[in-house]
Amino acid sequence: MSTREIVIIGGGIIGCTTAYYLSRHPSSSSAKITLIEASEHGPAQGASGKAGGLVARWAYPKEIVDVSFEEHVKLAEEHNGKDRWGWRYVGCGSWEGRGETAVNLSKEEERTSNANKSLEKELGLPGGQKPLRGGKSRKKNSLPEDLDWVHEELTDSYSPMARDGHTAQVHPYLFTTSMYELAKQNGVTCIRGKVTSILQDNGSVTGVEYICPTTHNTERISATQVLLAAGAWSPSIVSELPIQATRAHSITIRPKEGVTISPYVLFTEITEPPTRAHSSPEIYARPDNEVYACGPGDDCPLPDTVDEVVVDQTSCDLIYRHVSSISKQLREGVVEKKQACYLPSVSTGGGPMIGEAKQIAKGLFIGTGHTCWWAGFVDPAAQQAILCQ
């Protein structure tokens with residue numbers, strides 16, 4: 001059997017998990033697998049390392065979720081995901097209420113924030129949306145007993161968004177880098193370089209060209225199959241892809257010593273006095289007591305590389321103001337990270353884009369367009385196809 005030369009472009013969660021699974025496939029002995037990542041800081045520098053890390057049976061699209069959730073369970077069992085990447089089941093609810101003005105930003109600072117674009121996480125929910133404002137409410141004191149880090153007196157309603165066991169989490173950076181290291185242990189070659197084009201001949205891929213970061217020269221790698229998993233940057237390599245980018249900001253908060261944040265993910269709707277302005281931050285409690293929070297996105301132009309992503313400080317400050325307005329524990333904590341990433345979505349609607357793109361080139365596989373739902377894996381059928389062509 002001839003040797004397959006498989007090149008994976010992108011060290012995010014799709015690229016790293018695909019490298020991991022391909023390296024464990026029975027046919028991998030006849031394959032040379034290379035993963036190329038552009039960032040000088042290694043894998044998971046974009047959305048795959050800066051996401052919330054939600055893993056849900058109600059995520060979007062269902063066709064991926066039905067496979068990926070159970071794979072997360074298996075991976076956590078096999079590789080001690082509990083300790084290695086923070087795997088655990090969590091409560092998940094929709095919280096609606098009022099905020100207290102705890103952190104003041106000037107009107108000019110609020111005006112200069114461009115974060116007002118939905119990240120579309122509600123697509124996975126029944127009916128395609130979060131519970132409506134003013135819907136069926138519960139009494140103020142009907143919060144789950146262990147959800148003690150939001151103020152009961154500010155709560156207007158709380159509704160569970162899924163049954164127990166249907167929502168889990170990982171730390172996305174730790175999960176992605178773990179997949180990367182496990183793939184390398186299984187023989188995957190990992191190199192740094194910015195891919196500029198995919199080479200083809202007679203309608204089939206033959207390799208990739210990339211810029212070497214040390215010599216700045218253009219170099220080539222031969223390939224019989226190529227997986228393009230460069231997220232929002234994918235169209236810079238294959239221009240035909242209808243992928244658009246949304247910048248999303250997030251922060252992490254470290255509560256003060258002695259404070260424990262119970263395992264909940266909250267999708268919030270906060271009304272702030274006196275203007276009654278609304279905000280909808282998402283809050284994720286993590287196993288190491290770190291708290292992740294994110295807000296809406298914006299249309300800031302995509303930079304050339306992930307290492308050039310600019311963080312808008314005002315957007316991050318607004319996220320902190322909003323989440324701290326409903327939680328003393330978060331208000332008294334320390335903001336450890338302010339960060340931004342770009343989420344890829346399919347501009348023509350629908351998505352994500354997964355599988356072989358024969359109309360562009362035989363042997364070219366695509367894995368992008370997942371918006372905020374990094375389900376974690378390219379479809380195993382696509383992985384099988386890469387090795388069984």
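Because the structure is predicted, anything quoted here is derived from the model rather than measured.
Under the 4.5 Å side-chain heavy-atom criterion for grouping Ile, Leu, Val, Met, Phe, Trp and Tyr, Leu182 is connected to Leu174 within one hydrophobic cluster. Val73 and Leu75 end up in the same hydrophobic cluster when Ile, Leu, Val, Met, Phe, Trp and Tyr side chains are linked at under 4.5 Å. A single hydrophobic cluster is seen to contain both Tyr21 and Val55, as judged by linkage of ILVMFWY side chains at heavy-atom distances under 4.5 Å, directly or through other members. Leu199 and Ile33 fall into different hydrophobic clusters, defined by Ile, Leu, Val, Met, Phe, Trp and Tyr side-chain heavy atoms under 4.5 Å apart, directly or through other members. Cluster membership check: Val306 does not share its hydrophobic cluster with Val311, using side-chain heavy-atom separations under 4.5 Å among Ile, Leu, Val, Met, Phe, Trp and Tyr.
Between the CG atom in Leu241 and the CD1 atom in Ile366 there is a gap of 4.5 Å [rounded to 0.5 Å]. Interatomic distance, CD of Glu100 versus NZ of Lys328, reported as 10.5 Å (0.5 Å rounding).
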Going through the distances and angles, do Leu143 and Trp95 end up as a side chain to side chain contact (heavy atoms under 4.5 Å, CB included)?
CA-CA 9 Å; Leu143 290 172; Trp95 184 96; 3.9 Å; yes
May I have the step-by-step check of salt bridge (charged side-chain N to carboxylate O under 4.0 Å, His left out) for Lys74 and Glu71, ending in yes or no?
CA-CA 5 Å; Lys74 292 176 184 178; Glu71 287 300 319; 3.7 Å; yes
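A salt bridge between Lys62 and Asp66 is present, with a side-chain N of the basic residue lying under 4.0 Å from a carboxylate O of the acidic one. Salt bridge present: Arg24 and Glu78 bring a charged side-chain N and a carboxylate O closer than 4.0 Å.
Pro255 is listed as a side-chain neighbour of Asn289, based on a closest heavy-atom distance under 4.5 Å. Under the 4.5 Å side-chain criterion, counting only non-hydrogen atoms from C-beta, His370 is in contact with Ile64. Trp58 has its side chain within reach of Cys92: a pair of non-hydrogen atoms, C-beta onward, lies under 4.5 Å apart. Residues Pro287 and His171 form no side-chain contact, since every pair of their non-hydrogen atoms from C-beta on lies 4.5 Å or further apart.
Note on ring orientation: taking the six-membered ring where Trp is involved, the planes of His79 and Trp85 are tilted (angle from 30° to 60°). The aromatic rings of Phe175 and His72 are tilted relative to each other, their planes meeting at an angle between 30° and 60°.
With sequence neighbours excluded, the residues that form a side chain to side chain contact (heavy atoms under 4.5 Å, CB included) with Asp307 are Ser39, Glu40, His41, Thr305.
Glu37 and Tyr180 share no side-chain donor-acceptor pair at under 3.5 Å. Judged by distance alone, the side chains of Trp233 and Thr368 never bring a donor and an acceptor atom under 3.5 Å apart. Using a 3.5 Å distance cut-off with no hydrogens or angles, the side chains of Thr224 and Glu5 do not pair a donor with an acceptor.
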Please list every donor-acceptor pair under 3.5 Å in which a side-chain atom of residues 188-198 meets a protein atom from a residue at least two apart or in another chain.
{"unit_1": "Arg192", "atom_1": "NE", "unit_2": "Ala38", "atom_2": "O", "d": "3.4"}
{"unit_1": "Thr196", "atom_1": "OG1", "unit_2": "Glu209", "atom_2": "O", "d": "3.4"}
{"unit_1": "Ser197", "atom_1": "OG", "unit_2": "Glu209", "atom_2": "OE1", "d": "3.3"}

